[in-house]
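To keep things clear, I will list the structure first and then write my remarks on it.
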Amino acid sequence: MNLKKQLDTEFERTLTALGHTDAPAVVKQASKAEFGHYQVNGIMGAAKKARTNPRELAEKVVEQVQQGDLSNILTMEIAGPGFINLSLNQAFLSAELETMIGDDRLGVATSQPEKILIDYSSPNLAKEMHIGHLRSTAIGDAAVRLLEFLGHDVVRANHVGDWGAQFGSLLAYMDKLDAEGAQLATELKDLEIFYQSASALFKSDEAFAATAREFVVKLQSGDEKCLDLWSRFIEESIKHCQAIYDLLDISLTPGDVKAESAYNNMLEGTLSELDEKGLITISEGARCVFLDEFVGKDGDPIPAIVQKSDGGYPYMATDIAAAKYRGQDLKVNQALYFVDGRQALHLNQLYAIARKAGYITEEQNFVHVPFGTILNKEGRPFKTRDGGAVKLADVAEEAINRALTLIGDKNPDLTNDEKQNIARIVGIGAIKYAELSKNRTTDYIFDWDTMLSFEGNTAPYLQYAYTRIKSIFRRADVDPANLKQAIMLNQTAEVSLALKLLQYPETLESVTEDYQANILCNYLFELSQLFMSFYESCPVLKATDEIRDSRLRLCDLSARTLRHGLGLLGIQTVEQM
RNA sequence: GCGCCCGUAGCUCAACUGGAUAGAGCAUCGGCCUUCUAAGCCGAGGGUUGAAGGUUCGAGUCCUUCCGGGCGCGCCA
C-alpha cells in the first residue's frame, strides 16, 4: 500500500470534482513533525490557476474529503497560505501495519513487467578493477535488484572491454614471457603489475613497441596464436573480476558478460546498413555519421566516427552494434546505461544514430544513467596512469580488516569463523553504502577514511540496528509469527517508527523514478534512527504483556524492512556484530 | 571558443523536482552504560545556499549576467 499515492489520488480526485482539472494535488511527506504526517501543497497552485482564494479552496477541499472514505482515518488542518496538513490516526496506522506484517513484499506492489537491460560495471579487462568501477557496479547492481523485485525481466549486461589497441602490448608481453619460459598463470596473478610492466616496456623498448603494434593487427586479423594468447588473458581477467564481484556481493556472474569482441562479426554489416540508410559520410578518410542535433560552434557538425581511416572500428561502432542487438534481438523495453557522465555526448550520439537506423523504436527507452567522476582529496581528478589508482580489492581488504579489529574489541566471544564472516559483511557493506548513499551525478571525492567509516550514516549503523532487534528476539525466545497482539502506538517514538515503516513502498517508488539509490539509503538510515530512539525510550522485554508483544511486532517489522531494503542495495545483514 | 554537469555548515552530503523557520553524518563541546549490544542515545554551537538581478503569494530549486570548479568537443575506450 502506497500511502502517499493513495492520499494524492484522493485529493486530486477532489480537486477535479470541484472543477480544478489539470491541477496536481502534490501530496508530500510532511516537512516537519508539527505539520502532521503528510501535506497537500497543490491547493495554492490550483487556486492561482482558477484565480480564487487558496484558503477558501482549501476549505472546500477539506469539506469534500470529509464526506468521503478517508474521513475516518484522517485529521486535516488548513495552515499558512493554503496548505492542508494531514495526520493519520493510530487505528489506521495500526491496521496498515497489520497488513504490512502479513505481506512478504512488505506492502510493495509489483509493476507491469518489462524487459529491462542494465549495462553496468563493464570494466576494461586490460586493467585490474579500481575504485572508479565501484559506482557503476554498486549502483547498477542495486537497480537490478530493485527492478527484479518489482517484477521486471532484468538483463544484466556486463559490456567488458576486451578488444582494441591496448591489448597489443599485453599480448606481446605475454608472448615474450612465454618464450622466456615463465609461467603465465603465475604472471597474471597480479594484473595491475602485469599491465604496468607491459606498458613500461612499450615506452622504453622500441622493438617491443613495434611488436606490440604488430600484435594489434594480428589480433584483429584473427591470427590463431594471437587469439589463443588473447583468450587466455581475457579468461584470467574475467576470473579476477568475478572474484571481486563475489567478494562484494555483486549479483553479476560470468554468464552476464557479453564483451565488446562479441559484436565484432556484426560491425561490418551494421555499418553497411547505416550506409544504405544514407547515414554515412566519408570525412578525412573516416566513415562518420553526422546528425543535425549535434553541432559545435558556428553550426559545425560534430561527427561520430564509426570507422577510422585506417579501417579500425572505434567503440562507437561496437556500441551501435550492441544497441542493435539489444533493441532488435533482445527486444528490450528499456536499456539503462550506468555509465560515467563524461560519456554523455557519446551515448546521446549513439542513441540518436540507433534510432535513425531503426535499431531502437519509439517505444524502446534507452537511457544514460550518469554519475560523476572521482576526485582525490585535493579535488583533482583521480588519475589511473600515474599510480594514483586504488585497487578495489585493496579497499575491500582494508575494510574487512578494520571491521575485524573492531569486532574483536566489541564482541570477543564470537568464534573466529563468525568474526570473519561478520567482518566481511560489515566491511563490504560500509564501502558499498558509501557509494550508494551519495548517488549524485556530480563529481565526488574519494576519501579512504570516509569510505571505511563505521559510524553515523553508514551501513554498519543500519546493520547494528538490525542486530539489536535480533538480540531482543534471542532473549525473548519467541517466534514473531506467533505474535497476534494488535499494535498499540502510544509513545511518539512508536508512532514515528510506524509511519516510517509504512512509507517503505512509496520510497521504493521514488527510487525507481531515477535510480537514485541514495533515496533508499536515506530512508533506511532514518528508519534506523527512529528505531534507535524507540529502542532507547521504549523498553520491550520489560514492558507488560500487551505492550511487550506490540513492541516486539514493531521490532520484527523494523528488522524485516531493514533487511529487505539493505538486500535491495546488495548489502547483507548479520545476527550479531 | 561551443556544449554538458556543478557550487548548500570547518569536512562529506540531503532537501521527495516551486512550499512553511534549509536538514543529517563526521569533527567540536556538554550529558547518558548495576535496565533489551555505547558501532548507540539525548542536548549545544555552527548558514547572506558562490555573487547580483529577475519571475510570484512563495526560490537552494526556474530565467539572465558574472565569478569559480569539473568534464566533453574527428579518428583512445
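Residue numbering restarts at 1 for every chain, and letters A, B, ... go by the order of the sequence lines. Everything numeric in this text was worked out from a predicted model, so none of it was measured.
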Any base atoms under 4.0 Å from A:Asn41, or only sugar-phosphate, or nothing? Heavy atoms, all strands.
base
Parallel, tilted or perpendicular: rings of A:Phe338 and A:Tyr515 (30°, 60°)
perpendicular
Does B:rU17 have OP1 or OP2 under 4.0 Å away from a side-chain N or O of A:Gln516?
no
Given that both distances must come in under 3.5 Å, which nucleotide forms a Watson-Crick or G-U wobble pair with B:rC26?
B:rG10
Residue whose closest nucleotide on RNA chain B lies nearer the 5' end, A:Phe35 versus A:Ser437:
A:Ser437
Would you measure the distance from the C1' atom in B:rG18 across to the matching atom in B:rG45 and give it in whole Å?
32 Å
A:Leu345 CG to B:rA77 C1', straight-line distance once rounded to whole Å
15 Å
Partner of B:rC71 under the Watson-Crick or G-U wobble criteria, both distances under 3.5 Å, comes out as B:rG3
Using atom CG of A:Asp449 as one end and atom C1' of B:rC13 as the other, report the distance to the nearest whole Å.
17 Å
Please give, in whole Å, the distance from B:rC73 P to A:Asn348 CG?
13 Å
Angle class for the A:His346/A:Tyr315 ring planes (parallel below 30°, perpendicular above 60°, tilted otherwise)?
parallel
What about A:Asp340, does its side chain sit under 3.5 Å from the base of B:rA77 through a donor-acceptor pair?
no
Taking atom types as they are modelled, would you say the side chain of A:Ser510 forms a donor-acceptor pair with the base of B:rC16 within the 3.5 Å cutoff?
no
Are OP1 or OP2 of B:rC41 and a side-chain N or O of A:Tyr461 less than 4.0 angstrom apart?
yes
Could you please spell out the steps behind the ring pair (Phe, Tyr, Trp, His ring centres under 6.0 Å) verdict for A:Tyr464 and A:Tyr461?
CA-CA 5 Å; A:Tyr464 180 59; A:Tyr461 178 89; 7.7 Å; no
Rounded C1' spacing from B:rC5 to B:rU61 in Å
16 Å
Considering residues, nucleotides and ligands other than A:Asp310, do more than 12 of their heavy atoms fall under 6.0 Å from its CG?
yes
Could you tell me whether the phosphate oxygens of B:rA15, OP1 or OP2, come under 4.0 Å of any side-chain nitrogen or oxygen in A:Lys28?
no
Within the pair A:Ser533 and B:rC42, is there a side-chain N or O less than 4.0 Å away from OP1 or OP2?
yes
Looking across every strand, which nucleic acid part, if any, lies under 4.0 Å from A:Asp514 by heavy atom: base, sugar-phosphate, or nothing?
base
Show the numbers, then the answer: is there a side chain to side chain donor-acceptor pair (under 3.5 Å) between A:Tyr38 and A:Gln503?
CA-CA 11 Å; A:Tyr38 288 88; A:Gln503 289 170 337; 3.1 Å; yes
